[in-house]
Amino acid sequence: MNNSSPTWSQRFETALHPTIARFNASIHFDIELIEYDLTGSQAHAQMLSKVGIISQSEGEQLVNGLEQIRQEYREGKFQPGVEAEDVHFAVERRLTELVGDVGKKLHTARSRNDQVGTDTRLYLRDQIDRIRLKIREFQAVLLHLAEQHVETLIPGYTHLQRAQPLSLAHHLLAYFEMLQRDWERLGEIYQRVNISPLGCGALAGTTFPIDRHYSAELLHFTSVYANSLDGVSDRDFAIEFLTAGSLIMVHLSRLSEEVILWASQEFSFVTLKDSCATGSSIMPQKKNPDVPELVRGKTGRVFGHLQGLLVLMKGLPLAYNKDLQEDKEALFDTVKTVQACLEAMTILLREGLEFRTDRLLAAVNEDFSNATDVADFLSARGVPFREAYNLVGQVVKTCLAADKLLKDLTLEEWQALHPAFDAGIYDAIAPHHVVAARNSYGGTGFEQVRHAIQRSQERWERWESGRVGEWESGRVGE
Ligand code: ARG
């Protein structure tokens with residue numbers, strides 16, 4: 001057997017071409033999985049010794065040797081290169097150096113195919129927990145901001161045209177809800193990540209009397225794959241995770257787009273603090289919203305990873321194919337990107353921007369976003385809504401021609417339009433009242449918004465008090 005390629009069987013006579021070896025290798029990225037690979041291998045070794053495939057003392061030597069590799073890795077002393085091909089071979093080789101020939105028994109009744117699936121699931125489980133925690137931190141900031149801005153008004157838009165004024169808290173709580181779904185979705189996906197492929201072997205199971213349920217239990221998996229072919233070639237769980245990551249990015253990106261608009265001179269609804277804004281290298285007056293722009297930009301990468309894995313999977317015959325090695329960089333980059341974006345947006349909203357309440361108030365006083373309320377005023381007095389709607393359309397047209405707002409019309413002018421108008425119309429169209437009046441469940445009325453804050457707070461606190469249990473079990477929802 002050739003020295004530079006000692007892992008293959010004696011079927012091989014010459015080493016891999018060095019360029020092909022580099023092309024084939026995944027060690028430069030799958031080293032990210034090392035701690036999970038060690039843990040997975042320890043469970044496998046324990047299972048082998050429990051069922052008597054190896055002796056108890058051999059099992060202990062393997063477990064201890066793997067633990068030693070963990071220490072070496074943490075101390076920066078274990079840095080396998082391309083000759084190892086991938087993290088699984090790197091660990092097995094080092095183990096054999098450390099514990100001698102018994103190290104060669106580790107791979108009994110296992111294949112790298114079920115091994116890599118196990119590692120990836122263990123990795124994703126941890127990352128899902130981390131991302132869910134970051135979602136909670138971000139939600140806490142949204143909630144805190146909402147509490148401060150129940151009665152701050154902001155124009156609400158449809159088609160990016162002024163529609164109806166809103167409580168700023170209501171606007172922020174919309175994002176709380178989106179993130180709540182993201183948190184729940186990840187919890188649901190966790191359940192399908194948390195299934196053990198270990199013991200599926202290369203594709204067909206194994207001739208050894210293994211106990212798959214025991215190794216699954218040691219690794220805190222809730223169940224095992226029922227079909228070995230499916231177990232080694234399923235990446236649904238990874239696609240689901242990338243989908244959840246993509247949706248988180250959709251939400252962060254929409255908020256980013258709003259912050260970018262709000263920070264523009266045209267809107268001027270927020271001021272960016274120096275800690276979260278950057279300047280231009282040539283235009284001294286500039287203050288740029290780089291953070292939300294980057295979040296919006298990075299969203300494309302995450303979508304790309306999802307698309308990439310979908311396309312990768314769609315034509316793969318069963319079972320394992322080397323194409324599957326390509327799933328990892330997509331997952332790793334998504335995990336890092338989603339976490340970094342959640343962190344950056346948390347800081348941006350917590351301390352990186354200030355709402356300009358003066359500008360927001362001026363904005364809601366300067367438009368026709370109270371027009372629906374004029375129509376509602378009439379229909380509450382018996383005029384059929386569609387008729388009232390048409391009449392108000394006329395009024396708006398007249399006002400626009402006269403460069404006036406609805407509030408500028410005199411009572412006589414109102415009454416000339418329709419006898420049902422009375423002095424109450426002025427209150428009815430004042431922005432604060434316009435918002436307060438939308439007191440339907442889930443609406444922007446201040447009373448509703450206060451209820452919504454209360455409910456969100458309760459949800460958040462319920463999560464916090466049950467955090468440890470939920471953390472360990474990956475329990476879904478509340
Ligand atoms: N590095 C490989 C991967 O990430 C490990 C599994 C290799 N299995 C194989 N049959 N070549 O997919």
Side-chain angles (χ1 to χ4, degrees), residues 149-172 174 254 257-272 283 285-287 289 353-440 443-446 449:
H149 289 293
V150 174
E151 299 208 20
T152 303
L153 305 188
I154 184 170
Y157 298 81
T158 63
H159 313 268
L160 205 56
Q161 303 286 321
R162 293 277 179 92
Q164 290 166 354
L166 299 169
S167 150
L168 173 55
H170 193 57
H171 195 122
L172 295 167
R254 292 184 79 177
E257 173 64 15
E258 296 204 305
V259 171
I260 293 162
L261 285 174
W262 292 343
S264 69
Q265 204 175 333
E266 285 70 14
F267 278 78
S268 297
F269 289 173
V270 297
T271 312
L272 294 174
M283 297 166 283
Q285 84 285 9
K286 290 291 290 292
K287 199 169 183 188
L353 57 79
E354 203 157 5
F355 283 97
R356 292 193 53 186
T357 46
D358 56 328
R359 284 277 315 167
L360 289 167
L361 191 62
V364 293
N365 273 295
E366 275 164 9
D367 61 22
F368 289 92
S369 61
N370 48 5
T372 316
D373 297 73
V374 179
D376 286 354
F377 185 93
L378 283 183
S379 44
R381 282 157 185 76
V383 182
F385 179 80
R386 186 56 64 214
E387 202 178 298
Y389 163 93
N390 284 329
L391 184 106
V392 180
Q394 275 295 326
V395 182
V396 170
K397 193 162 135 191
T398 320
C399 283
L400 282 171
D403 203 15
K404 278 183 181 176
L405 291 168
L406 291 170
K407 65 179 177 191
D408 301 326
L409 296 177
T410 64
L411 187 56
E412 292 72 45
E413 286 172 307
W414 281 117
Q415 285 174 336
L417 288 160
H418 199 287
F421 282 119
D422 59 40
I425 185 64
Y426 294 105
D427 266 352
I429 62 171
H432 194 269
H433 184 272
V434 167
V435 176
R438 286 183 164 66
N439 202 26
S440 51
T444 193
F446 305 123
V449 171

Only counting residues at least two apart or in another chain, list the ones meeting ring-ring contact (aromatic ring centres under 6.0 Å, His included) with His432.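 In terms of ring-ring contact (aromatic ring centres under 6.0 Å, His included), with neighbours along the sequence ignored, His432 is linked to Phe446.
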Flag side-chain contact, heavy atom, 4.5 Å: [X] against [Y]:
X      : Y      : result
Val374 : Val395 : no
Asn365 : Lys407 : yes
Arg438 : His170 : no

Starting at [atom1] of [X], measure out to [atom2] of [Y] and round the result to the nearest 0.5 Å.
X      : Y      : atom1 : atom2 : answer
Thr357 : Ile154 : OG1   : CD1   : 11.5 Å
Leu417 : Leu409 : CG    : CG    : 7.0 Å
Tyr157 : His171 : OH    : NE2   : 9.5 Å
Ile429 : Asn370 : CD1   : CG    : 5.0 Å
Leu400 : Lys397 : CG    : NZ    : 10.0 Å

Taking every non-hydrogen atom, the tightest pair across [X] and [Y]:
X      : Y      : value
Ala375 : Ala388 : O-CB, 3.6 Å
Leu406 : Ala371 : CD1-CA, 3.9 Å
Ser379 : Pro384 : CB-C, 4.5 Å
Ala423 : Leu411 : N-CD1, 3.7 Å

Which residue pairs satisfy the ring pair (Phe, Tyr, Trp, His ring centres under 6.0 Å) criterion with at least one member in residues 353-383, sequence neighbours excluded? His149-Phe355, Trp262-Phe355, Phe377-Phe421
According to the interplanar angle, ranging from 0 to 90°, do the rings of Phe269 and Phe267 count as parallel (below 30°), tilted (30 to 60°) or perpendicular (above 60°)? perpendicular
Heavy-atom count around [X] [atom1] within 6.0 Å, excluding the residue itself: above 12?
X      : atom1 : value
Asp358 : CG    : yes
Arg162 : CZ    : yes
Gln265 : CD    : no

Begin with the C-alpha distance, continue with both residues' side-chain angles, and end with the deciding distance and a verdict on side chain to side chain contact (heavy atoms under 4.5 Å, CB included) for Leu261 and Leu160. CA-CA 11 Å; Leu261 285 174; Leu160 205 56; 4.2 Å; yes
Take Phe385 and Asp376 through the side chain to side chain contact (heavy atoms under 4.5 Å, CB included) test and state the conclusion after the steps. CA-CA 7 Å; Phe385 179 80; Asp376 286 354; 3.6 Å; yes
Applying side chain to side chain contact (heavy atoms under 4.5 Å, CB included), run through Glu413 and Thr410 and close with a yes or a no. CA-CA 5 Å; Glu413 286 172 307; Thr410 64; 3.2 Å; yes
Give the C-alpha distance, both sets of side-chain angles, the deciding distance and a yes or no for side chain to side chain contact (heavy atoms under 4.5 Å, CB included) between Arg381 and Asp422. CA-CA 11 Å; Arg381 282 157 185 76; Asp422 59 40; 3.9 Å; yes
Has the side chain of [X] got a donor or acceptor atom that lies under 3.5 Å from a matching backbone atom of [Y]?
X      : Y      : answer
Lys287 : Thr271 : no
His159 : Gln161 : no
Asp408 : Leu405 : yes

Side chain to side chain contact (heavy atoms under 4.5 Å, CB included) with Leu153: of Val364, Leu360, Leu166, Thr444, only one passes, and it is Val364
